[in-house]
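Lettering follows sequence order; numbering is per chain, from 1. Heavy atoms only: backbone and side chains are in, while hydrogens, waters and symmetry mates are out. From a predicted model like this one, the values you see are computed outputs, not experimental measurements.
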Number of protein chains: 2
Amino acid sequence: MGSTPQVRRKVTLSDIAAACDVSRATVSLVLRGSPLVNKNTRARVEEELRRQGYVYNRSAANLRRRTSSSIALVLNDLANPFFAEFAAGVDEAVAAAGFVTLLGNTAESTDREQAVLGSLVEHGPGGIILSPAEGGDARKVLEAVGEHLPLLLFNRELGGDMPARAHWDTLVLDNQRGAQMAAEHLIALGHKRIAFFGGHRDSSSCRQRREGYRQAMHAAGLRVESHWMIESAPTRLDAARQAAALFAGKSAPTAAVCYNDAVALGLMLGLYQHGRRPGHDFALTGFDDIAEARVSMPPLTTLSTVPRERGRQAAALLLHRLHHPDTPPSHTVAPVKLVVRDSSCPPPAA
Amino acid sequence: MGSTPQVRRKVTLSDIAAACDVSRATVSLVLRGSPLVNKNTRARVEEELRRQGYVYNRSAANLRRRTSSSIALVLNDLANPFFAEFAAGVDEAVAAAGFVTLLGNTAESTDREQAVLGSLVEHGPGGIILSPAEGGDARKVLEAVGEHLPLLLFNRELGGDMPARAHWDTLVLDNQRGAQMAAEHLIALGHKRIAFFGGHRDSSSCRQRREGYRQAMHAAGLRVESHWMIESAPTRLDAARQAAALFAGKSAPTAAVCYNDAVALGLMLGLYQHGRRPGHDFALTGFDDIAEARVSMPPLTTLSTVPRERGRQAAALLLHRLHHPDTPPSHTVAPVKLVVRDSSCPPPAA
DNA sequence: TCCCCGGTTTGTAACGATCCAAATGTAACC
DNA sequence: GGTTACATTTGGATCGTTACAAACCGGGGA
């Protein structure tokens, strides 16, 4: 009745086999639910498994079967709510497929990215989902990952010059179209002088969003003043600091398309600090629709990317690749949706 | 010069040994940087390792050495910024120790917790860091984890009746002291009628925070009206919904100690919706110091828990346990720090 | 009686690494 | 020259599991 102490050594399949007086092969068949084993034997073995508190050693099985039961998830900034949601989505889908997630956070450092990839690959994941650190080099990533391990790139392109045949899949947001929609929305409200605020000049997502903004402005026959393009780190703090720059020159803008939500929230704070009231005398939009966008003051008009769903999608794409290693690389662009809230108001004088 | 194609099969230590005309054992020694091998042999082998693009198979090594190179991290809500930061801290320390992180998100479901633990344990982690789902049962957790796998419980106690000898370590925040500090701060500002707002009645952290609040009130000789204790889900949305309840009866409070930051931010929103201005005619405090607390309107007075540092600490505690399996369980209470910002103002009539 | 058959079971050799005791080669010593 | 000491190298056996081909077994048909 009492549980067997089993002080140190782990219980293995051999222990069970010995106790039931059957071969290891039979126990293995039971574990995998094979229809070959006799009903009685199965019952006897299963009872013994419970009794001894056996736990399956999947690494050993993977070694023998030359399979994998994990996928690696490498993120440039796990602490960012956008990626945290994304990770939750990945894990959800990965777990549902019977895999486990190996996590690695690079904190936006390409050195750590190299190290993390190297370390994770040694654990034999079936594939890798990577949101690259800024300024990474395609060649180095490929070197760490190898030519044959399925790789899904999320969110960013890889920098550096491309190797001859890039074998990876990609999943990116429709940055350009999204920023374009935001700008069109502000234009429709009557704004004429619209800034593009925040983000790093050379990040690929920022470039794409700027481009979308430009297209919308151009299509509406509106001019873009160079001092309406304001760079900042993609953080609230730096964004708040840069707010003043908007009103430095003459012909100050009445609205801004912000690089992302963090920047937009920072800008809001900066506006308040300069005595302006976002959503009343200045309109702005974000990008990402993080949880706080809904409850900021005022609630933020933004582009919803549904990061959790993107995580599920990324996992699905990678799992698909695991089963079809030889189909040509796929490149998915996930649509984004404009969510209108109170931060985008008409221009004051309109 | 060109890289060897190596179309399918992975390169193993045997391949290298064959190519260098040495034994597998020697290659193994090289890989582990043993001082036994001759300088020339080492160079020859290392060159070949590079040439063939060898990657170490850590699972195989772990099998043979009966070691582990991973730790499992199981969280009740990865999408919550608090836990995302925590996870980043864990991963940082875990990676620095040469381990990888196996991630599992339970989304606050005890069923998924069981499944996730079961699945992760099969991959042979060296230990587990678990932030339990609400309403979990100690017995079931122990059943999934086993009696001998190092386990560190973070943030919450386990429900259900305790097994005879609980072998796990714990790391919790000083919830009681924190809430007490918040209440004392409000009292010092001159508030007499202070509510405790939000959180689930029966969650252990909420109980502890309520207790801290009570102690402070009692120590100051202040009464606690029962309708000042308002329950809510620990989310912004539900908190905003419950805001009205504060002013339902007579003797409405002039301040509130909130269960956590999410609840506090929700309450702020609710206050605005009822025409009140938090930080001017109503004071409130949060708990956690999430990133947005600093930039809310007004910036939130709260208790800083430094979740990333807690993550590092959790990893350190678990790694310590790995090296000292037989020392008695440790129970760590992490201090919290009051961060005063603008949301805590004096009472209006004072 | 013998043979064949489906339903079960099993022995043995892997998977890719490490451990360990023993073997090798070389230089140094008496 | 023979012995010892030291530096290197190596052949298995092994970790816990699975694949595979072969063996077993009881019964039905010839």
Note to self: Does B:R64 contact C:dT18 through a side-chain donor or acceptor facing the base, at a distance under 3.5 Å?
What the structure shows: yes
Margin query: Among C:dT9, D:dT17, D:dT9, which nucleotide has an atom closest to any side-chain atom of A:R24?
Written below: D:dT17
Notebook entry, point to check: With a 4.0 Å cut-off on heavy atoms, is A:T41 in touch with a base, just the backbone sugar-phosphate, or nothing at all?
Noted result: sugar-phosphate
Margin query: If I take atom CG in residue A:N57 and atom C1' in nucleotide D:dT14, what distance separates them, rounded to the nearest angstrom?
Written below: 14 Å
Check: Whole Å only: how far is the CG atom of A:L31 from the C1' atom of D:dG16?
Finding: 11 Å
Next item on the list: Examine D:dG16: is either OP1 or OP2 under 4.0 Å from a nitrogen or oxygen in the side chain of A:S14? Give yes or no.
Entry: no
Note to self: Classify A:A25 by what it touches in the nucleic acid, base, sugar-phosphate, or nothing, heavy-atom distance under 4.0 Å.
What the structure shows: base
Note to self: So that I can tick it off, tell me whether A:R156 and A:E108 are bridged by a salt bridge, with the cut-off set at under 4.0 angstrom between side-chain N and carboxylate O.
What the structure shows: yes
Note to self: Ring-plane angle category for A:F83 and A:F154, please: parallel below 30°, perpendicular beyond 60°, tilted otherwise.
What the structure shows: perpendicular
Item checked: Atom-to-atom span, CG of B:D21 to P of C:dT24 - whole angstrom -> 16 Å
Next item on the list: Indicate, with a heavy-atom threshold strictly under 4.0 Å, whether A:R58 touches base, sugar-phosphate, or nothing.
Entry: nothing
Check: Any side-chain N or O of A:R65 under 4.0 Å from OP1/OP2 of D:dT17?
Finding: no
Check: Are OP1 or OP2 of D:dA19 and a side-chain N or O of A:R32 less than 4.0 angstrom apart?
Finding: yes
Checklist line | Phosphate OP1/OP2 of C:dG16: any A:R66 side-chain N/O under 4.0 Å | finding: yes
Margin query: For a quick test of reading the model: is some side-chain N or O of B:T26 closer than 4.0 Å to OP1 or OP2 of D:dT9?
Written below: no
Next item on the list: Determine: side-chain N/O of B:S23 to OP1/OP2 of D:dT10, distance under 4.0 Å, yes or no.
Entry: yes
Item checked: Salt-bridge present (A:E47, A:R50; N to O < 4.0 Å) -> yes
Check: C:dA17 P sits how many Å from A:N62 CG, rounded?
Finding: 15 Å
